[in-house]
**Q** 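Here it is: the structure, laid out below.
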2 protein chains.
Amino acid sequence: MIRLTDVSRVYTVGGQELRALDHINLTIQTGEYVSIMGPSGSGKSTLLNMLGCLDRPSSGTYELDGQQVGNLSESELAKVRRYRIGFVFQSFHLIKRLPALENIALPLILDGVPHDQARDRARAALDSVGLLKREHHRPNQMSGGEQQRIAIARAIIMDPSHLLADEPTGNLDTKSGTGIVDLLEDLNKRGKTLIVVTHDPEMGKRAKRAVRMVDGRFASDSAQGGA
Amino acid sequence: MIRLTDVSRVYTVGGQELRALDHINLTIQTGEYVSIMGPSGSGKSTLLNMLGCLDRPSSGTYELDGQQVGNLSESELAKVRRYRIGFVFQSFHLIKRLPALENIALPLILDGVPHDQARDRARAALDSVGLLKREHHRPNQMSGGEQQRIAIARAIIMDPSHLLADEPTGNLDTKSGTGIVDLLEDLNKRGKTLIVVTHDPEMGKRAKRAVRMVDGRFASDSAQGGA
Ligand SMILES: Nc1ncnc2c1ncn2[C@@H]1O[C@H](COP(=O)(O)OP(=O)(O)OP(=O)(O)O)[C@@H](O)[C@H]1O
Ligand SMILES: Nc1ncnc2c1ncn2[C@@H]1O[C@H](COP(=O)(O)OP(=O)(O)OP(=O)(O)O)[C@@H](O)[C@H]1O
Ligand SMILES: [Mg+2]
Ligand SMILES: [Mg+2]
């Protein structure tokens with residue numbers, strides 16, 4: 001389960017304080033399917049980075065699967081990020097000098113999986129996003145939507161229990177986008193938590209629970225009767 | 001006017017040939033408003049990069065405002081890109097170490113405009129995309145949609161006659177996205193060519209002319225009676 005308690009994230013730029021997350025409270029049970037929507041700049045990526053252990057709160061606490069994340073060492077956090085959380089970034093963060101297959105296989109290889117096995121599993125993930133034909137392409141040899149799908153394949157390769165996706169269909173046409181949503185929902189049906197940040201109202205509606213953010217706060221949460 | 005004649009763009013990866021643009025013909029009059037839609041990987045960004053003089057055809061010719069682009073030197077092409085074309089990239093390409101204002105002002109400063117004047121004009125463009133408050137933020141201190149809007153402000157700062165935008169609302173909520181479309185359509189009403197690649201059918205419909213791409217070719221073009 002995921003629990004944020006009175007979490008804030010404050011940035012300082014040019015002497016000015018900016019409250020990207022403003023005393024938020026959020027509880028998500030393992031296996032839930034939640035969409036997070038809201039205006040550009042409202043704090044969605046900041047929230048997702050927090051949940052993905054890529055960033056720490058300025059104040060408040062984050063409890064993940066019974067552990068206080070704030071008390072974990074850097075190496076323990078790295079383990080959480082590798083095994084328990086699959087993260088799809090809004091800007092993909094693929095490794096530019098590696099072809100698609102190696103980008104996806106990398107988490108397995110870093111984990112000590114033998115290279116042949118890692119590449120076979122990566123190939124299966126690549127196939128599940130419809131891009132076997134791009135196996136040898138490096139990121140700059142692929143379209144925006146193809147890079148996005150490679151990022152998704154990489155996020156699911158370690159079979160994590162929580163999937164966090166930041167605008168996973170932003171660069172995809174309706175057909176490829178629906179394919180990706182089906183894939184993510186399949187994984188959710190197998191018990192994985194699925195938290196999706198999206199600007200697409202159609203995608204937002206498919207989630208079982210819809211959360212809206214405005215100015216670093218939750219404006220509504222359909223789990224609490226106010227969608 | 002923009003005219004592509006029998007243009008192809010061929011890539012070779014791992015010994016395999018990939019035809020990203022496949023013998024295409026396209027004529028767009030200055031001041032037209034055209035949307036380009038199609039599946040992920042169909043060649044939209046490749047087409048737009050070609051039109052924006054960021055890439056050259058493997059075969060065929062590109063005539064822009066009466067000039068054969070293929071015959072221009074690198075420095076002449078740089079002038080075309082600076083003065084005649086405003087380009088919004090699918091992945092923004094902002095300069096990471098410069099704050100938002102300086103990112104927008106840069107084309108003017110490179111053009112010899114005095115720094116104060118350049119910053120005033122950049123501030124006006126920043127205001128037109130609703131982000132004066134992010135003046136001092138560097139790209140990694142902004143949200144995805146904020147970076148996208150900075151990229152748009154930079155594309156319009158030199159007042160180019162042709163505006164080429166690759167998924168300009170992909171990272172924006174409906175409200176900010178509509179604001180951007182209004183801004184671009186305003187510029188079109190003042191006589192600028194507006195060519196928008198989009199996955200958003202709502203945005204695609206707003207254009208006066210809708211072109212669909214599939215596998216490097218035009219599947220339909222509403223200017224030719226088949227939308
Ligand atoms: N490192 C930083 N320093 C200062 N301000 C930041 C930083 N990162 C983000 N911000 C600001 O915090 C706010 C929230 O950013 P965030 O990326 O979470 O927004 P978002 O909801 O994901 O937006 P979008 O829909 O555009 O992706 C934004 O207004 C942004 O400018
Ligand atoms: N440098 C390159 N080398 C090899 N293949 C490339 C290169 N750049 C693009 N491609 C391929 O060319 C095809 C067209 O790419 P393009 O970026 O134009 O697609 P797109 O229509 O913009 O897709 P999207 O909607 O996903 O952004 C894609 O299948 C892509 O893999
Ligand atoms: Mg974001
Ligand atoms: Mg593209």
Side-chain angles (χ1 to χ4, degrees), chain A residues 11-16 18 20 37-46 49 89-92 94 99-101 129-131 133-149 166-167 169-177 179-180 197-202 204 212-214, chain B residues 11-16 18 20 37-46 49 89-92 94 99-101 129-131 133-149 166-167 169-177 179-180 197-202 204 212-214:
Chain A
Y11 293 113
T12 310
V13 179
Q16 286 233 327
L18 197 157
M37 300 189 65
S40 171
S42 56
K44 308 179 296 296
S45 295
T46 304
N49 289 341
F89 293 88
Q90 190 168 5
S91 58
F92 319 150
L94 298 175
L101 189 74
V129 297
L131 287 176
K133 60 189 177 182
R134 295 286 174 264
E135 180 174 340
H136 303 296
H137 288 233
R138 290 190 312 275
N140 71 353
Q141 294 174 320
M142 291 190 282
S143 77
E146 290 171 345
Q147 293 178 47
Q148 188 157 39
R149 283 177 275 166
D166 201 343
E167 313 266 0
T169 62
N171 284 286
L172 298 176
D173 54 285
T174 313
K175 185 152 173 281
S176 324
I180 287 303
V197 167
T198 183
H199 279 305
D200 181 356
E202 292 307 308
R212 286 202 64 81
M213 288 190 74
V214 177
Chain B
Y11 293 113
T12 310
V13 179
Q16 286 233 329
L18 197 157
M37 300 188 63
S40 172
S42 56
K44 306 179 297 297
S45 294
T46 305
N49 288 342
F89 292 88
Q90 190 168 4
S91 59
F92 318 151
L94 296 176
L101 189 73
V129 298
L131 286 176
K133 58 188 176 180
R134 295 288 174 263
E135 179 173 339
H136 303 297
H137 288 234
R138 290 190 310 277
N140 70 353
Q141 294 173 322
M142 291 190 283
S143 78
E146 289 170 347
Q147 294 178 46
Q148 188 158 37
R149 283 178 276 166
D166 201 342
E167 314 265 0
T169 62
N171 283 287
L172 299 176
D173 55 286
T174 314
K175 184 152 174 278
S176 322
I180 286 304
V197 166
T198 183
H199 280 305
D200 181 356
E202 293 307 307
R212 286 202 64 82
M213 290 190 74
V214 177

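Throughout, a chain's letter reflects where its sequence line sits, starting with A, and its residues are numbered from 1. Atom set for the values below is all heavy atoms of this structure, side chains included, hydrogens, waters and symmetry mates excluded.
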**Q** If every non-hydrogen atom of A:Pro139 is compared with every non-hydrogen atom of A:Leu94, which pair is closest and at what distance?
**A**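 Shortest heavy-atom separation between A:Pro139 and A:Leu94 comes out as CG-CB, 3.8 Å.
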**Q** Within the structure provided, determine whether B:Met37 and B:Thr198 are in side-chain contact (heavy-atom separation under 4.5 Å).
**A**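 Yes; the side chains approach each other to less than 4.5 Å.
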**Q** Top residue by heavy-atom pair count (under 4.5 Å) with chain A, among B:Thr169, B:Asp166, B:Asn171?
**A**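 With the most close heavy-atom pairs to chain A, the winner is B:Asn171.
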**Q** What's the separation between atom OG1 in B:Thr174 and atom CG in A:Asp200, rounded to the nearest 0.5 Å?
**A**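 Reported to 0.5 Å precision, the distance equals 8.5 Å.
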**Q** Heavy-atom pairs under 4.5 Å with chain B are the metric here; pick the option from A:His137, A:Gln141, A:His136, A:Lys133 that has the most.
**A**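 Highest number of heavy-atom pairs under 4.5 Å: A:His137.
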**Q** Are any non-hydrogen side-chain atoms of A:Lys44 and A:His199 less than 4.5 angstrom apart?
**A**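 They are in side-chain contact.
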**Q** Measure distances from B:Leu18 to the heavy atoms of chain A and classify the residue's part below 4.5 Å as side chain, backbone, both or neither.
**A**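 Side chain of B:Leu18 only, per the 4.5 Å heavy-atom cut-off to chain A.
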**Q** Side chain, backbone, both or neither: which part of A:Ser176 has an atom under 4.5 Å from a heavy atom of chain B?
**A**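 For A:Ser176, the side chain is the part near chain B, not the backbone.
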**Q** Name the region of A:Glu146, side chain, backbone, both or neither, that has any atom closer than 4.5 Å to a heavy atom of chain B.
**A**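 Contact with chain B: backbone and side chain both.
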**Q** Among B:Gly38, B:Pro201, B:Pro39, B:Gly43, which has the most heavy-atom pairs under 4.5 Å with chain A?
**A**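 Going by pairs under 4.5 Å, I would pick B:Pro39.
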**Q** For chain A, which of B:Ser91, B:Gly41, B:Ser40, B:Gly145 has the most heavy-atom pairs under 4.5 Å?
**A**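 Most heavy-atom pairs under 4.5 Å with chain A: B:Ser40.
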**Q** Given the options B:Arg149, B:Met142, B:Glu135, which has more heavy-atom pairs under 4.5 Å with chain A than any of the others?
**A**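 Greatest number of close heavy-atom pairs with chain A: B:Arg149.
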**Q** In Å and rounded to the nearest 0.5 Å, what is the CD to CG distance from A:Gln147 to A:Leu131?
**A**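 Answer rounded to 0.5 Å: 11.0 Å.
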**Q** Do you know which two heavy atoms are closest between A:Tyr11 and A:Ala20, and how far apart they sit?
**A**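 Residues A:Tyr11 and A:Ala20, closest heavy atoms: CE1-CB, 3.6 Å.
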**Q** Chain B heavy atoms under 4.5 Å from A:Arg134: which part of the residue, side chain, backbone, both or neither?
**A**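 The answer is the side chain of A:Arg134.
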**Q** Please check this pair: side chain of B:Glu167 against backbone of B:Ser45, looking for a donor-acceptor N/O pair closer than 3.5 Å.
**A**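 No.
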